[in-house]
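What follows is a single structure, written as structure tokens, with notes after it.
Residue numbers count from 1 along this sequence. Quick note: numbers below take in every heavy atom, side chains included, and nothing from hydrogens, waters or symmetry partners.
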Amino acid sequence: MRAKDIRAKAGVEPITMLTAYDAPTARLIDEAGIDIALIGDSIGNTRLGYDSTLPVTVDEIASATASVARATEDALVVADMPFLSFGADEADAVEHCGRMLKEADADAIKLECGPHTIDLTRTLTQLGIPVQAHLGLTPQRENETGLFRQGTDDESARRIVDLAREHEAAGAFSLVLEHIPANLAATVTDALSIPTIGIGAGPDCDGQVLVIDEVIGLSERVAPFSKRFGNVSSEMRDAIAAYADAVESGEFPAEEHSHHEPDLDDVY
């Protein structure tokens, strides 16, 4: 899968996208036929023990991206650029984004966007780095906006539509719309030729993305716009408890889990 393949799905076929942070999860996502594996900066909350996405580093995203890339064959691998890896100095941003393709084998990168990322998107795409834009709720700005629904008034809604058009013109191959009114997401989708991928943005986007931990029931909480499709946490808890009980009772390891070497009977 390439960025151009995702772009060609706009208005034609629903796009499926999930976060992935490690090889085993990425392999399952790929086998399920998910179109895009996103190494989200949500790795900070879900796997690294941070309270937000803000502490996530370029090195952490690069390491996770490489593990996901090694385990996928068909899904488009998209590296989510972390807080302050872009937006200050363009040369540094290009280097960080390019590293995801050169060293971590990503197929594309994602930027949490604003007016400051229009020129960067143009530069990256001209250099051959596919860019997925992201508008609406952008968690890296949580200290400014909070983690609340965006685009709920006329002025902010128009700003999202305008920024969406500008990022499409700059070369973005797709656009994530997070936590905005469904009718605004529908308007943006109609205004663009590139596909929109929603998360808390209603059913009229060209695709949907969720955090894998919420989908499989690994996280304790689920966002109001998300849905739990399984309960891996319960299965893990039961398996871990069963292992502890077996060790404490002496049931494990049993004879079939051990190897006896007769020549070593007389070793002292």
Criterion side-chain contact (heavy atoms from CB on, under 4.5 Å) against L218, the qualifying member of R228, E235, R47: R47
What do the steps show when you test S156 against D153 for side chain to side chain donor-acceptor pair (under 3.5 Å), and what is the final call? CA-CA 6 Å; S156 62; D153 59 77; 3.2 Å; yes
Using a strict 4.0 Å threshold on nitrogen-to-oxygen distance, state whether K9 and D5 make a salt bridge. no
Can you check whether L120 reaches V131 side chain to side chain, under 4.5 Å on heavy atoms? no
Least distance between heavy atoms, C205 atom then A185 atom: SG-CB, 3.9 Å
Passing option when I34 is tested against L18, L28, I15 for side-chain contact (heavy atoms from CB on, under 4.5 Å): L18
Would you call D105 and R70 a salt bridge, taking side-chain N to carboxylate O under 4.0 Å as the test? no
T189 (side chain) donor-acceptor with D206 (main chain) under 3.5 angstrom: no
I'd like to know if the side chain of T138 and the backbone of L135 have a donor-acceptor N/O pair within less than 3.5 Å. no
Tightest non-hydrogen contact, residues Q140 and T53, listed as CG-OG1, 4.1 Å
Taking F225 as the starting point, is it possible to reach L38 by hopping between hydrophobic residues whose side chains are less than 4.5 Å apart? yes
If two hydrophobic side chains count as joined below 4.5 Å and joins carry through other members, does V176 share a cluster with I118? no
Flag yes if more than 12 heavy atoms outside E255 fall under 6.0 Å of its CD atom; otherwise flag no. no
Tell me, yes or no, whether the heavy-atom count around R149 atom CZ, taken from other residues, nucleotides or ligands under 6.0 Å, exceeds 12. no
Would you say the side chain of D80 lies within less than 4.5 Å of the side chain of I39, judging by non-hydrogen atoms? no
Donor-acceptor pairs are to be reported for all side-chain atoms of residues 87-104 against protein atoms at under 3.5 Å, with residues two or more places apart or in another chain.
| unit_1 | atom_1 | unit_2 | atom_2 | d |
| --- | --- | --- | --- | --- |
| D89 | OD2 | A91 | N | 3.1 |
| D89 | OD2 | D92 | N | 2.9 |
| E90 | OE2 | T123 | OG1 | 3.4 |
| H96 | ND1 | S85 | O | 2.8 |
| H96 | ND1 | D92 | O | 3.2 |
| R99 | NE | E103 | OE1 | 3.0 |
| R99 | NH1 | D59 | OD1 | 2.8 |
| R99 | NH2 | D59 | OD1 | 2.8 |

Check whether any side-chain heavy atom of P130 lies under 4.5 Å from a side-chain heavy atom of R2, and answer yes or no. no
Smallest separation among heavy atoms of E112 and D41, with atom names: OE2-OD2, 3.8 Å
Evaluate the criterion side chain to side chain donor-acceptor pair (under 3.5 Å) for residue pair D22 and T25; output intermediate values, then yes/no. CA-CA 6 Å; D22 53 62; T25 305; 2.7 Å; yes
Spacing of CD belonging to Q208 relative to CD1 belonging to I197, to within rounding of 0.5 Å: 9.0 Å
Run the numbers on F86 and L111 for side chain to side chain contact (heavy atoms under 4.5 Å, CB included), then give the verdict. CA-CA 8 Å; F86 62 97; L111 301 175; 3.9 Å; yes
Does a side-chain heavy-atom distance below 4.5 Å link Q150 with T145? yes
By ring pair (Phe, Tyr, Trp, His ring centres under 6.0 Å), F83 pairs with (sequence neighbours left out) none
Which heavy atom of L163 sits nearest to which heavy atom of G114, and what is that distance? CD2-C, 3.9 Å
Once rounded to the nearest 0.5 Å, what's the spacing between atom CZ of F229 and atom CD1 of I212? 10.5 Å
Under the side chain to side chain donor-acceptor pair (under 3.5 Å) rule, what do Q132 and S174 come out as? Steps first, then yes or no, please. CA-CA 5 Å; Q132 181 175 72; S174 63; 3.0 Å; yes
Within one Ile-Leu-Val-Met-Phe-Trp-Tyr cluster: V58 and L124, side-chain cutoff 4.5 Å: yes
Hey, what do you get for OG1 (T187) to CZ (R158), rounding to the nearest 0.5 Å? 10.5 Å
Checking side chain to side chain donor-acceptor pair (under 3.5 Å) for the pair H134/E178: CA distance, chi angles, key distance, verdict? CA-CA 8 Å; H134 178 166; E178 181 169 358; 3.0 Å; yes
Might you point out which heavy atoms bring A8 and V12 nearest each other, and give the distance in Å? O-CG2, 3.8 Å
Calculate, to the nearest 0.5 Å, the distance between atoms CG and NE2 belonging to D162 and H167 respectively. 12.0 Å
Give the C-alpha distance, both sets of side-chain angles, the deciding distance and a yes or no for side chain to side chain contact (heavy atoms under 4.5 Å, CB included) between D265 and H260. CA-CA 9 Å; D265 286 343; H260 181 78; 3.1 Å; yes
Given the rule in the side chain to side chain contact (heavy atoms under 4.5 Å, CB included) test, do L76 and V78 qualify, once you have shown the distances and angles that lead to the verdict? CA-CA 6 Å; L76 186 80; V78 178; 3.7 Å; yes
Tell me whether V211 is reachable from V68 by hopping between hydrophobic residues (I, L, V, M, F, W, Y) whose side-chain heavy atoms are closer than 4.5 Å. yes
Has E261 got more than 12 heavy atoms of other residues, nucleotides or ligands less than 6.0 Å from its CD? yes
Going by atom types alone, do E214 and S226 pair a side-chain donor with an acceptor below 3.5 Å? yes
For a quick check under 3.5 Å, do Y21 and E60 share a side-chain donor-acceptor pair by atom type? no
Consider only side-chain heavy atoms of I, L, V, M, F, W and Y, link residues closer than 4.5 Å, and tell whether L54 and I61 are in one cluster. no
Mind running side chain to side chain contact (heavy atoms under 4.5 Å, CB included) on L177 and V188 for me, showing each step along the way? CA-CA 9 Å; L177 293 171; V188 174; 3.9 Å; yes
The reported gap from CG in L210 to OG1 in T19 (rounded to nearest 0.5 angstrom) is 8.5 Å
Listed once per pair and sorted, the side chain to side chain donor-acceptor pair (under 3.5 Å) pairs that draw on residues 30-40, sequence neighbours left out: T16-D35
Distance col, row I199:CD1 vs L137:CG, nearest 0.5 angstrom, shows 8.5 Å
Please give me the minimum heavy-atom distance between L175 and A164, naming the atom from each residue. CD2-CB, 3.6 Å
